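Below is one structure, written out as structure tokens; the observations come after it.
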Amino acid sequence: MSALSSDAIIACDGLSKHFGGVRAFTDVAFQARRGEVTAVIGDNGAGKSTLIRCLVGVHVPDAGSIVFDGREHPFSNPDGARKAGIETVHQNLALIDELTVAQNLFLNRELVRRIGPFAFLDRKAMKREARSMLSRLSINVPSINQRVRRLSGGQRQAISICRAVGSGAKLVVMDEPTAALGVQETANVEALIRRLREQSVSVILVSHNFDQVRRLSDQIWVMRAGKMAATVRASETTGNELVALVTGAA
Amino acid sequence: MSALSSDAIIACDGLSKHFGGVRAFTDVAFQARRGEVTAVIGDNGAGKSTLIRCLVGVHVPDAGSIVFDGREHPFSNPDGARKAGIETVHQNLALIDELTVAQNLFLNRELVRRIGPFAFLDRKAMKREARSMLSRLSINVPSINQRVRRLSGGQRQAISICRAVGSGAKLVVMDEPTAALGVQETANVEALIRRLREQSVSVILVSHNFDQVRRLSDQIWVMRAGKMAATVRASETTGNELVALVTGAA
Amino acid sequence: EDAAKVAAIVKGLDNPFFQTMQKGIEEQGKASGVNVSVQAAANMGDATGQADRLTAMAMQEFDCYLVNPISVSNLVQALVPVAQKKKPIVNIDSTIDAEQAKAAGFAVSTYIGTDNVAAGALAGEEMLKLVPKGSKVALVAGIVGDVGSNARIKGFKQAVEGKLEVVVMVSADWDREKALTAATDILAAHPDLAGFFAANDIMALGVERAVQTSGKDVKVIGLDGIVDALKSIAAGELTATVAQYPYVVGAMGVEACALAAKGKELPANVPAPVLLINKANADASLKNFPRPGGDYPDPFREMLK
Amino acid sequence: MSNPTDNAPVAHSAGAAEESRPSLSALLLDPAFWADWASVVGLVGLVIVFGIAQPVFLSIANLQALLLAAAILVVLSIGQTFVVATSGIDLSLAAAVMLGAIILGLVNAAGYGIFIACLLAVLATSAIGFLNGLIITAGKIPDFVVTLGTLSGITGLGLILSGGEPTMVGSTFLLKLASGSFGPFGYPVWVAIAAVIVAHIALYHTRFGVHLLATGGQVESAGALGIRTNRVKIAAYTISGFCAGIAAILLVARIGSAEPQINTSLLLNSVAAVVLGGVSLFGGRASILGPAIGALMLTALVNGLTLLNVSAFYQPLAVGAIVVLAALIMRYQK
Amino acid sequence: MSNPTDNAPVAHSAGAAEESRPSLSALLLDPAFWADWASVVGLVGLVIVFGIAQPVFLSIANLQALLLAAAILVVLSIGQTFVVATSGIDLSLAAAVMLGAIILGLVNAAGYGIFIACLLAVLATSAIGFLNGLIITAGKIPDFVVTLGTLSGITGLGLILSGGEPTMVGSTFLLKLASGSFGPFGYPVWVAIAAVIVAHIALYHTRFGVHLLATGGQVESAGALGIRTNRVKIAAYTISGFCAGIAAILLVARIGSAEPQINTSLLLNSVAAVVLGGVSLFGGRASILGPAIGALMLTALVNGLTLLNVSAFYQPLAVGAIVVLAALIMRYQK
Ligand SMILES: Nc1ncnc2c1ncn2[C@@H]1O[C@H](COP(=O)(O)OP(=O)(O)OP(=O)(O)O)[C@@H](O)[C@H]1O
Ligand SMILES: Nc1ncnc2c1ncn2[C@@H]1O[C@H](COP(=O)(O)OP(=O)(O)OP(=O)(O)O)[C@@H](O)[C@H]1O
Ligand SMILES: [Mg+2]
Ligand SMILES: [Mg+2]
């Protein structure tokens, strides 16, 4: 596959990860260009989520190198990734069930007021901000003070998306962001992704919806059984070709 | 809405459910005809999953009546529902993370060998059966002895589906069964639903994918903001009409 | 004239020693026409809980306070309000530190108790009579750090110093099963052991079990004189015990309290009876239990007359 | 399809709860409200019952004494709360109190000033907490095992250091601390009040507090969001150790000596107070007032039963029944 | 698109683990294997160290005595395992043992036969377990609080029933039980072995076992699948109570009397054995051999340290260090 090109916001080469006896993926090269929407597709268990989690610092890869925004080995943990400007919508959503909607939206990015050497949470500001974040995405939740445990599947996903796009990241990574969303909400998220691109935020999108992928993305990467199988420009491919690439029939 | 017709496998009337201050849905009438695929659609938080959970005995509704297979108040808990012949794919999948794939597939339906008064698990038979169940749906899992905790999102969903269809139920209820599935797996599940109908098993399908709903179902029910807003025959509607019904623009 | 009201607080009631003491307090209360309320700590380690209970009792109108503290000072704070109301305090069984008491502004009217070091020494002297010079003996202590246990062990050690070899000391937390297990282990490690001294009878009975099982002739001496131990000695199992008389300590405490409530001057220090019991006098002791086999000196009895 | 920006989040008619604070009457009808305040309800219930049965219970002097007696348990419960909020448990808490007391006693006996002695005691117990956290996170060993191990280890250390003998601490400073008072409350009560306030602010008004709950709630998700869950856990244990140190000072002040013996009921009561206070042992939910009031309740129970002259034999039975009853109020807690 | 039926689940090249049993060498290289067998590794390590340091340790007589001493803890750990597997904890276990012993003693002293006494003791402790489970599930109260409450309640009951006095039990049947042996092992050891086997079968080879783990793993999911999670929990507590009854009989047989005293280290050790045995306190994972070996390990530790003549002061320190070390082997457990 390609050498790391200089216009990549994030790129990796020779990346491998296994868990005990299970190899999630081996020797993967991948890159996402600056300001583009880069899609990753592949069958269930192909290794997409694990690749994403390696890129954003959740897992430490067994081998291989990662370059983000020109720096090699840019971070070793998710905190570093977020500080460097990467926000992620994880497939499992990474919500804390016992915390409220507002607390989840600002987790590890809490707004504080400083009084002398101390920093106190600015809960009012966070709630205000949270409301406007949710309204921008037109997300319905019963209350911003509600614990997320009892929210519906779609409501939960919406909150996770809202958190990732709310803080001006350079790169937003979304692992199947619309899986649980309704038609309307899906349309909103797609519009949002377009807007992100307009604001030249780079996006990595994992999705099983090939129509969506072709509608939204510039470049498509195909994983198959733990390998990076192919990459194509979205404008130059068809749904059938994608199916063939994913299943290995090509 | 309609009175309970006699060809309904399951029907409810005047059903309401609230949680503390949150009303999930109010005064809902709904029915699914025997041998048909009945779809329920609606926005996120509309109350679909809660309705489903009331129908299969997980929640006890605050008001209203349920008729299953001609019997009123047919069961008061999920065990009763399963014994009566209802299998469910819950939106949260209802998998036990610490148990293996095979154990999850047979949970509360374990195969046993009787020796005198005692019943011992027939683990070999369960593993054998589990393998053939998975292969019928062509589901890839690393191992049948693996705990489900570490499986990918799609693998988990596939196991939950496999469990529901594996045991000869009269009614299979699926809450967004293909949300996390790949293209191939989705096609498999759709084929499976068609096969169930051919075997005159009734199916209730909750989905956000209107194309899928129109492809698969006979009757479509639309929920909006905790009410049953409309019901249409799938053959007599269009995607745009469904969008209008769901958003309330109609 | 109203009957005097006495508040008594003892150590944990999870030990029969203090059960007997409570019995002595209550029965003497009836005998002398004194109203007694007895409270106890949740267990032997509950130093603060005991203080909390005494604090509550100090709120009420009692004429005298009878205290058996878990440690030398855990009740001092709680006794301050008692002292402020100028109510007499009688100290039994374990001492209250005099200096701390002075700092807190009170002095106890009298102390009645047994000298644990002397009792341990009595056990040591009996052991010397039973086993040849230079024999190996093992010690089974109570909860590590317990003051009473330490004193008893100390007394025993002093008595056998240079005459017997103490090969090991273990801690069995006043628990019969733990003592049994430890003794079994010790017998395995030291097959030529001649005797055990356990810091109380409950542990001694556990040790005796281990000795029985091993089939060896090893002497076991306990301390306290609880009824099970006396029975065991009478049956020829346990070798001996040093009997203390918590019943008498409690009863004398009530007598002292009754006197102090009337404003009588009391002797500062009254020793309670201690008696070595072996096969020879076990039956007599059993008959009189929980009182001593014979008469004993009691200065308060004279004063009350 | 609708435009994503012009569609404000109007909470839809069904399924909508008010965003503003619910009204008082609605609150009082909600069982979850009662559950959240179980310890308060329990405490008020106890006070009423004991007050009627034995008026002395409500005397100013007794209430002051009760608060004084509760101070140590309150401080310990706060420490335990931080650990339990991370879904851990600190079994070494009472042992740390013992070690802190012994170090205080020995340093003081060695002729150093009482302040240095107190400082060293708090440093030592904080170090124990830090070590607990470090072993748990670095070694990935269950909290229960590690703190059970340190419980045992500290016991030994305390015995070795003290030689098994209690040490008298005759410091006038500590005597004042134990018996003096400012305004209506004794100094130890003020210490406990200060601990409650500081802990409440730390839990509810700092980033650390949110991260603590997130770590206790879902450690993997918290980690994926960049929260240094290991550091948070270590901090929680260190706070617990620190509280043990403060409790050790209060204890030595109260009983006037440092005993090489562990008060296990202090440990069990600290956890009971935390749970009665509505904190989930599975982490992710916590409050400071709840455990503090739980601690008060447990102390009031002993005080009241003693005043009622309930025999020592019947006290455990009564305590057990009342603890379960109080917890019954929590039944609706979600 | 592919045909859903002709596509057999060929585990794909990457991401595939063998379905058959992994080879021995692969097993030995997998840290998770060592973690699962931490207690065995710990036990073997201890035996080697003690055996070298003090050859008496390995004498047949000592090993027999060790097993005899461990029998009670093994039985209790099994009971605790069932409860912990449901993500509960039974703090009343040691108290139930005490109550069972007292009932045994009193019934026997009242002149009823020893078998009736034993039966009543087991019935009583099972009833306590049942009650624990009932209050926990019906009242929706945290396990910790309920069993802490019953711990206290039972303590009181035991004191009241016994009047605080120990009762001698001079039954020849119990004496035989305690001191007789069959083949290489004493009867109590056989009782423990039988308990291990029955419990292992119940856990791994019955529907109840799977339901137990499912309830402990995710109670909501288990409920959604129709498992009667409340009944499962009650059953687990009843089993725990039953084991306490068996342990009570063994205890009375061993020491020849029924003491109204609670052995709290029995409680803590039972939980420690369970955790050392690889059972998660958060439920859903369990084994029977693990806790049994954990119990053996804890007993061997005390035995070895006593044989080595380690001072009573240093023993707790050693126990603590070794428990943490043994747990360190579990660090890779997932
Ligand atoms: N933490 C883990 N431990 C063990 N195995 C894991 C772990 N995470 C992932 N795996 C395994 O690695 C493989 C790839 O998983 P991954 O989640 O990356 O798939 P995916 O491409 O995201 O699939 P899906 O589309 O279903 O989400 C799967 O077989 C999965 O079981
Ligand atoms: N157990 C519960 N406790 C409190 N509120 C709940 C509970 N379950 C659901 N709700 C609330 O009820 C409403 C309906 O939820 P439900 O899960 O039925 O929606 P849904 O139609 O399935 O949505 P989605 O498409 O996102 O899955 C939501 O507002 C949700 O927050
Ligand atoms: Mg994935
Ligand atoms: Mg839903």
Side-chain angles (χ1 to χ4, degrees), chain A residues 19-24 41-50 90-93 138-143 146 150-159 175-176 178-188 206-211 213 223-225 239-240 242-249, chain B residues 19-24 41-50 90-93 138-143 146 150-159 175-176 178-188 206-211 213 223-225 239-240 242-249:
Chain A
F19 301 100
V22 180
R23 269 159 296 148
I41 61 175
D43 252 351
N44 292 129
K48 305 180 294 298
S49 297
T50 312
H90 290 277
Q91 191 171 14
N92 66 8
L93 305 182
S138 70
I139 290 168
N140 267 337
V141 290
S143 156
Q146 169 141 355
R150 298 296 172 188
L151 293 183
S152 83
Q155 289 165 336
R156 293 168 60 92
Q157 189 150 37
I159 289 166
D175 195 351
E176 308 196 19
T178 61
L181 292 188
V183 181
Q184 210 176 162
E185 289 83 354
T186 302
N188 289 350
V206 178
S207 174
H208 287 301
N209 185 335
F210 293 170
D211 291 340
V213 162
M223 290 191 81
R224 192 163 66 235
N240 283 344
L242 290 181
V243 171
L245 284 172
V246 163
T247 56
Chain B
F19 302 99
V22 179
R23 269 159 296 150
I41 61 175
D43 251 353
N44 292 130
K48 305 180 296 296
S49 298
T50 312
H90 290 277
Q91 190 170 16
N92 66 8
L93 305 181
S138 71
I139 290 168
N140 267 336
V141 289
S143 157
Q146 169 141 355
R150 297 298 173 187
L151 293 184
S152 83
Q155 289 166 336
R156 293 168 60 93
Q157 189 150 39
I159 288 166
D175 195 352
E176 307 196 20
T178 61
L181 293 189
V183 181
Q184 210 177 161
E185 290 83 354
T186 302
N188 290 349
V206 178
S207 175
H208 287 301
N209 185 334
F210 293 169
D211 290 340
V213 162
M223 289 191 82
R224 192 164 64 234
N240 283 345
L242 290 181
V243 171
L245 284 172
V246 163
T247 57

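Chain A is the first sequence line, chain B the second, and so forth, proteins listed ahead of strands; every chain is numbered from 1. Please read all numbers here as calculations on a predicted model, not as lab measurements.
For the atom pair CD of B/Q184 and NE2 of A/H208, the computed distance is 11.5 Å after rounding to the nearest 0.5 Å.
Ranked by heavy-atom pairs shorter than 4.5 Å toward chain A, the options B/N209, B/L181, B/V246 are led by B/L181. No other option in B/S207, B/S152, B/A158 has as many heavy-atom pairs under 4.5 Å with chain A as B/S152. Ranked by non-hydrogen atom pairs under 4.5 Å with chain B, the options A/T178, A/D43, A/N92 are led by A/D43.
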Pair B/Q146-A/V22, side chain to side chain contact (heavy atoms under 4.5 Å, CB included): steps then yes or no: CA-CA 10 Å; B/Q146 169 141 355; A/V22 180; 3.9 Å; yes

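A/F210 touches chain B through its side chain: at least one heavy atom from C-beta onward sits under 4.5 Å away, while N, CA, C and O do not.
At least one donor-acceptor pair closer than 3.5 Å links the side chain of B/N44 to the backbone N or O of A/A180.
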